[in-house]
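Reading through the structure tokens given below for one structure.
Quick caveat: nothing in here was measured; it's all calculated off a predicted structure. Along the sequence shown, residues are numbered consecutively beginning with 1.
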Amino acid sequence: ALCRLLTVCALVIVHVCIVWALQNRGFIIDAVVMRLMKRKRQATVADMLAHLGQQLKGWQTEEPLLRERLEKLVDNEYLEKDAREADKYI
């Protein structure tokens, strides 16, 4: 019974750690994007994906997650979309 309890506790801890990591991953992506934008002033989604790959070695950052984070940054008025190019942010 004690072994089973310890196994359940270990699984709960692993689950909590995974949830925490996924939540914080968004903030890390935000920080990398904002550093890139401070330096370049404008970038496309492809530029940002390439930069994220360089900065966050070992992470596979999918485009849908990046686009979700970009929309949050636009909603919070940290970024804006280029009026002429749909895939470019300024």
Side-chain angles (χ1 to χ4, degrees):
L2 180 60
C3 185
R4 181 172 277 188
L5 178 63
L6 290 175
T7 302
V8 169
C9 288
L11 289 173
V12 168
I13 290 171
V14 167
H15 177 73
V16 167
C17 288
I18 290 171
V19 169
W20 178 82
L22 289 175
Q23 288 173 343
N24 285 326
R25 184 177 221 181
F27 297 127
I28 293 168
I29 291 171
D30 294 351
V32 172
V33 166
M34 292 309 297
R35 271 198 313 246
L36 173 68
M37 295 304 287
K38 274 186 164 182
R39 196 177 75 233
K40 289 184 73 174
R41 300 286 182 210
Q42 61 183 358
T44 64
V45 173
D47 293 338
M48 291 182 205
L49 276 172
H51 187 72
L52 281 168
Q54 292 171 352
Q55 294 295 309
L56 305 174
K57 291 178 177 36
W59 275 21
Q60 286 290 57
T61 305
E62 297 88 18
E63 188 173 335
L65 176 60
L66 175 60
R67 287 188 183 277
E68 176 186 323
R69 298 311 301 177
L70 289 172
E71 289 304 316
K72 287 188 185 278
L73 290 169
V74 168
D75 290 345
N76 292 330
E77 299 180 358
Y78 289 106
L79 292 178
E80 63 182 77
K81 286 187 172 187
D82 190 325
R84 291 170 284 165
E85 293 183 53
D87 223 26
K88 187 181 265 186
Y89 290 84
I90 52 176

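With sequence neighbours excluded, no residue forms a side-chain hydrogen bond (donor to acceptor under 3.5 Å, both in side chains) with K40. Remark: R39 pairs with L36, H51 by the side-chain contact (heavy atoms from CB on, under 4.5 Å) rule, at least two apart or across chains. By the side-chain hydrogen bond (donor to acceptor under 3.5 Å, both in side chains) test, R67 is found to be paired with E63, D87, residues two or more places apart in sequence or in another chain being considered. Remark: K72 pairs with no residue by the salt bridge (Lys or Arg N to Asp or Glu O under 4.0 Å) rule, at least two apart or across chains. Listed by chain and number, the residues in a side-chain hydrogen bond (donor to acceptor under 3.5 Å, both in side chains) with D82 amount to none (sequence neighbours excluded).
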(message) Does M34 form a side-chain contact (heavy atoms from CB on, under 4.5 Å) with L79? I'd like the steps, not just the answer.
(response) CA-CA 9 Å; M34 292 309 297; L79 292 178; 4.2 Å; yes

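Put simply, CD on Q42 and CG on D47 are 9.0 Å apart, with the number rounded to the nearest 0.5 Å. To the nearest 0.5 Å, atom CD of residue Q55 and atom CD1 of residue I28 are 12.5 Å apart. Between atom CE of residue M37 and atom OH of residue Y78 there is a gap of 14.5 Å, rounded to the nearest 0.5 Å. Atoms CG and CD, from L66 and E71 in turn, are 10.0 Å apart once rounded to the nearest 0.5 Å. Taking CG from L65 and CD1 from I29, the interatomic distance works out to 4.0 Å, rounded to the nearest 0.5 Å.
Residues in residues 14-32 take part in these salt bridge (Lys or Arg N to Asp or Glu O under 4.0 Å) pairs, two or more places apart or across chains: D30-R69.
A single hydrophobic cluster is not seen to contain both I90 and V32; linkage of ILVMFWY side chains at heavy-atom distances under 4.5 Å, directly or through other members, places them apart.
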